[in-house]
Peer 1: 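My structure is below; once you've seen it, I'll send some questions.
Quick note: residue numbers are just sequence positions, from 1. Note: hydrogens, waters and symmetry copies are ignored here, and every other heavy atom, side chains too, is used.
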Amino acid sequence: MVYLDNSATTKPCDTAILRMHKTAETLWANPSALYSFGMRAHDLLDEARQTVAASLSCREDEIIFTGGGSEANNMALKGVAQSRKKRGNRIISTAIEHPSVLKTLDFLGENGFEIVLLKPQHDGTVSPEQFAESVDQNTILVSAMLVNNEIGSVHDIAGIARAVHERNPNTLIHCDAVQGYGKLPIYPSRLGVDLLSASGHKLHACKGIGFLYVRKGLTITPLIHGGGQENGRRSGTEALPLIASLCGALQELPKPEEQLAKQQDLFNYAVKALQPLNFVSINSPNGCLPYILNISVNGYKAEPLLNALSARGIFVSKGSACAKGHRSYVLESCGLNNDRIDSALRISFCRDNTTADVDALCDALTAITKTMRKYR
C-alpha cells in the first residue's frame with residue numbers, strides 16, 4: 001500500500017496506540033471522581049495538558065481538550081460570537097477555510113452576524129492588508145487557517161494579527177492550525193492569536209481528539225454545558241485514552257524544524273519526478289507547506305484516476321475529505337478553470353513516506369493515463 005492522503009488522516013503511531021490501550025485498560029476511572037483511582041486519572045489528565053501546552057510554549061490552563069479540530073473550530077467561532085455579540089457582529093475569514101469553519105460561519109450569518117469572506121490571491125493566501133482593509137470597529141473576530149488543507153498555502157498569521165490590531169486592537173484572532181500543528185513550529189504568543197485549533201489524527205494520534213488553545217483571560221461561551229469539566233469550558237467526561245493517544249503521538253513527533261527540511265526534500269523530489277509527465281500541472285503555490293502537493297492531471301477526470309490508483313493500492317484524494325466529492329471551492333477561489341479543477345488530485349505526505357512512494361505514483365499515473373487514452 002502506498003498511502004498519500006495524510007491530510008485526510010494519518011496512521012496512528014505505535015506509541016499513540018499503546019498509550020491509548022494502556023490508559024483504557026488500567027486507568028479508566030472518571031477523572032472527576034474524588035477517590036484515589038479517579039485522582040490518578042486526573043493526574044494523567046493534568047500531565048497530558050502540560051505536554052500539549054509545552055508543545056505550544058503556552059500555559060496548561062490555556063488548553064481545552066475537544067473531540068477534534070471541527071469541534072475546536074466550532075467552539076472558537078460560536079464561543080466568541082456569543083460572548084462578544086454586544087461589542088459587534090462582524091466576523092472576517094477567507095473563502096478557502098475548512099468546512100468546519102465555513103459552515104459555522106454560515107450558521108452565525110443566519111443568526112444575525114455579518115460574515116465577510118475574503119477571496120484569496122492566486123497563491124491561495126489572503127494578505128494582511130486584505131484583512132486590515134475589511135476590519136472596522138464592529139469587527140469582533142478574524143479567523144484564518146494557518147495551512148490550507150488542499151493546496152498547502154501558508155498564511156502569514158503573525159502579519160495578519162498585527163495588521164488587524166492596528167485597525168482594531170479589540171478584534172480577536174482565531175487560527176485553524178489543524179494542518180500545521182506538529183509540522184511547523186507554532187507558538188500562539190508569537191503568532192499573536194487568541195484562539196488556535198488543532199487535531200490529533202493529523203499527526204499520528206487516534207481519531208476523536210483535538211484541542212483549542214484559548215488565551216489566558218479570554219472568556220468564550222461554552223458549546224457544551226453540563227458537569228463543568230475543562231474548567232467549565234467544555235463539559236463532558238474527558239476521553240482520557242484518546243488524550244493519552246495524543247500525548248503518545250507528540251512523544252514520537254520529530255522536531256518540526258528538522259522534519260520540515262526532510263519533507264521539503266521529498267516534496268522537491270515529487271515535483272521533479274512529475275515534471276516529465278507533460279499532462280501534469282502543479283497547483284500548489286511556491287512556498288507551500290511541503291506536506292501537501294496538489295496537481296492536475298490535465299485531460300483526465302479525477303474520480304476515474306482515483307479509482308484506478310486505488311486498484312493499484314495507491315491512495316490519494318481529490319481534495320478535502322470533508323468536501324464529499326464536490327468540486328473544489330479552494331481551487332475555484334484561486335482562479336483555476338473547471339477542467340483543471342475537475343482533474344485535480346491532492347497528494348499529502350507524512351514522515352513515513354519515501355521516494356519509492358513517489359516513484360510508484362508516477363509510474364502508476366503514466367500507465368493509467370496510457371490505458372485511458374486507448375479507450376477515448
Side-chain angles (χ1 to χ4, degrees), residues 53 56-64 72-98 100-102 104-105 107-109 111-121 125-148 153-178 180-181 184-198 211-223 231-234:
L56 297 174
S57 294
C58 71
R59 298 168 54 104
E60 60 191 78
D61 58 357
E62 294 177 315
I63 300 299
I64 305 172
N73 284 335
N74 272 260
M75 181 184 292
L77 299 177
K78 293 176 182 176
V80 168
Q82 288 300 314
S83 64
R84 301 227 160 187
K85 59 185 177 182
K86 292 183 179 179
R87 303 187 185 192
N89 75 333
R90 187 177 175 90
I91 300 173
I92 301 170
S93 189
T94 81
I96 58 169
E97 298 295 311
H98 187 269
S100 63
V101 168
L102 294 177
T104 302
L105 293 175
F107 169 82
L108 292 173
N111 285 272
F113 290 89
E114 179 190 6
I115 307 301
V116 178
L117 297 180
L118 303 177
K119 187 175 180 180
Q121 304 166 105
T125 65
V126 178
S127 70
E129 292 74 22
Q130 286 176 273
F131 276 100
E133 288 171 1
S134 299
V135 171
D136 60 17
Q137 292 308 304
N138 202 38
T139 305
I140 56 173
L141 178 66
V142 162
S143 180
M145 64 191 340
L146 178 59
V147 177
N148 183 265
S153 54
V154 181
H155 271 120
D156 177 10
I157 299 297
I160 290 169
R162 286 193 299 271
V164 167
H165 288 149
E166 285 178 4
R167 292 292 297 271
N168 185 345
N170 296 318
T171 299
L172 298 180
I173 309 293
H174 166 248
C175 176
D176 173 358
V178 166
Y181 179 62
L184 291 169
I186 295 175
Y187 308 107
S189 60
R190 297 183 191 176
L191 291 176
V193 300
D194 302 286
L195 308 105
L196 183 141
S197 309
F211 66 84
L212 177 67
Y213 159 87
V214 180
R215 176 179 53 76
K216 178 69 174 176
L218 176 61
T219 299
I220 62 173
T221 302
L223 271 184
N231 289 323
R233 299 175 297 184
R234 199 263 191 183

Peer 1: Indicate whether any N or O donor in one side chain lies under 3.5 Å from an N or O acceptor in the other, for Ser197 and Asp176.
Peer 2: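 Their side chains do not contain a donor-acceptor pair, so the 3.5 Å distance test is not met.
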Peer 1: Within a strict 4.5 Å, meaning less than it, do heavy atoms of the Asp61 and Lys216 side chains meet?
Peer 2: yes
Peer 1: To check you understand the geometry: which heavy-atom pair defines the closest contact between Cys58 and Ile63, and what is its length?
Peer 2: SG-CD1, 3.8 Å
Peer 1: For Asp194 and Leu141: C-alpha separation, side-chain torsions, deciding distance, then whether side chain to side chain contact (heavy atoms under 4.5 Å, CB included) applies.
Peer 2: CA-CA 10 Å; Asp194 302 286; Leu141 178 66; over 6 Å; no
Peer 1: Quick one: closest heavy-atom pair of Val147 and Gly180, and the distance?
Peer 2: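 Here Val147 and Gly180 meet closest at CG2-CA, 4.0 Å.
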Peer 1: Please report the closest heavy-atom contact between Ala163 and Pro128, naming both atoms and the distance.
Peer 2: CB-O, 3.6 Å
Peer 1: Is there a side-chain contact between Pro120 and Val126 in this structure, where contact means two heavy atoms from C-beta onward sitting under 4.5 Å apart?
Peer 2: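 Pro120 vs Val126: side chains touch.
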Peer 1: In sequence, state the C-alpha distance, the side-chain angles, and the governing distance for His155 and Ile160, and then conclude on side chain to side chain contact (heavy atoms under 4.5 Å, CB included).
Peer 2: CA-CA 8 Å; His155 271 120; Ile160 290 169; 4.2 Å; yes
Peer 1: Do you know which two heavy atoms are closest between Ile140 and Ala81, and how far apart they sit?
Peer 2: CD1-CA, 4.1 Å
Peer 1: Does Thr171 use its side chain to pair, donor to acceptor, with the backbone of Thr139 at less than 3.5 Å?
Peer 2: yes
Peer 1: Answer yes or no: is there a donor N or O on one side and an acceptor on the other, between the side chain of Gln82 and the main chain of Pro222, under 3.5 Å?
Peer 2: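 The answer is no, because no donor-acceptor pair under 3.5 Å joins these two groups.
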Peer 1: Under a 4.5 Å cut-off applied to non-hydrogen side-chain atoms, are Leu191 and Leu196 in contact?
Peer 2: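 Side chain of Leu191 against side chain of Leu196, heavy atoms only: contact under 4.5 Å found.
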Peer 1: Just wondering, do Arg233 and Leu212 contact through their side chains at under 4.5 Å, heavy atoms?
Peer 2: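 No, every pair of side-chain atoms sits at 4.5 Å or beyond.
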Peer 1: Could you tell me which non-hydrogen atom of Thr125 sits nearest to which non-hydrogen atom of Val154, and how far apart they are?
Peer 2: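 Distance-wise, the nearest heavy atoms are CG2-O, 3.6 Å.
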Peer 1: Report the distance from atom CD of Glu133 to atom CG of Leu118, rounding to the nearest 0.5 Å.
Peer 2: 9.0 Å
Peer 1: Given side chains that start at C-beta, do those of Gln121 and Ser127 come closer than 4.5 Å, heavy atoms only?
Peer 2: yes
Peer 1: Are Asn74 and Leu223 close enough, and set up right, to give a side chain to side chain contact (heavy atoms under 4.5 Å, CB included), and what steps lead you there?
Peer 2: CA-CA 8 Å; Asn74 272 260; Leu223 271 184; 3.8 Å; yes
Peer 1: Shortest non-hydrogen contact from Asn138 to Gly88?
Peer 2: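 In terms of heavy atoms, the two residues are closest at OD1-CA, 3.0 Å.
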Peer 1: Is any side-chain heavy atom of Leu56 less than 4.5 Å from a side-chain heavy atom of Phe211?
Peer 2: yes
Peer 1: Between Ile64 and Met75, is any pair of side-chain heavy atoms under 4.5 Å apart?
Peer 2: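 Yes, close enough: below the 4.5 Å cut-off.
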Peer 1: Under 3.5 Å, is there a donor-acceptor pair between the side chain of Glu97 and the main chain of Met145?
Peer 2: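 Yes.
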Peer 1: Rounded at 0.5 Å granularity, tell me how far NE2 in His174 sits from CD1 in Ile91.
Peer 2: 11.5 Å
Peer 1: How many angstroms lie between atom CD1 of Ile173 and atom CZ of Arg215, to the nearest 0.5 angstrom?
Peer 2: 10.5 Å
Peer 1: Say whether, by atom type as modelled, one donor and one acceptor occur between the side chain of Ser143 and the main chain of Ser93 under 3.5 angstrom.
Peer 2: no
Peer 1: Look up atom CZ in Arg87 and atom CG in Leu172, then write down how far apart they are to the nearest 0.5 Å.
Peer 2: 8.0 Å
Peer 1: Tyr181 and Tyr213: aromatic ring centres closer than 6.0 Å?
Peer 2: no
Peer 1: With the side chain counted from C-beta on, respond yes when Ser83 and Thr219 share a heavy-atom pair under 4.5 Å apart, and no when they do not.
Peer 2: no
Peer 1: Give a yes or no on whether a salt bridge exists between Arg90 and Glu114, defined as a side-chain N under 4.0 angstrom from a carboxylate O.
Peer 2: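 Yes, this pair counts.
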Peer 1: Roughly how far, to the nearest 0.5 Å, is CG of Leu105 from CD1 of Ile115?
Peer 2: 5.0 Å
Peer 1: Please check if any side-chain donor atom of Asn168 sits under 3.5 Å from a side-chain acceptor atom of Asp136, or the reverse.
Peer 2: no
Peer 1: Run through Leu108, Leu195, Val214 and flag the one making a side chain to side chain contact (heavy atoms under 4.5 Å, CB included) with Val80.
Peer 2: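 Between Val80 and the candidates, side chain to side chain contact (heavy atoms under 4.5 Å, CB included) is satisfied uniquely by Leu195.
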Peer 1: For Ala132, does its backbone N or O pair with a side-chain atom of Arg167 as donor and acceptor, under 3.5 Å?
Peer 2: yes
Peer 1: Please round to the nearest 0.5 Å and tell me the distance separating atom CG of Asn170 and atom CD of Gln137.
Peer 2: 7.5 Å
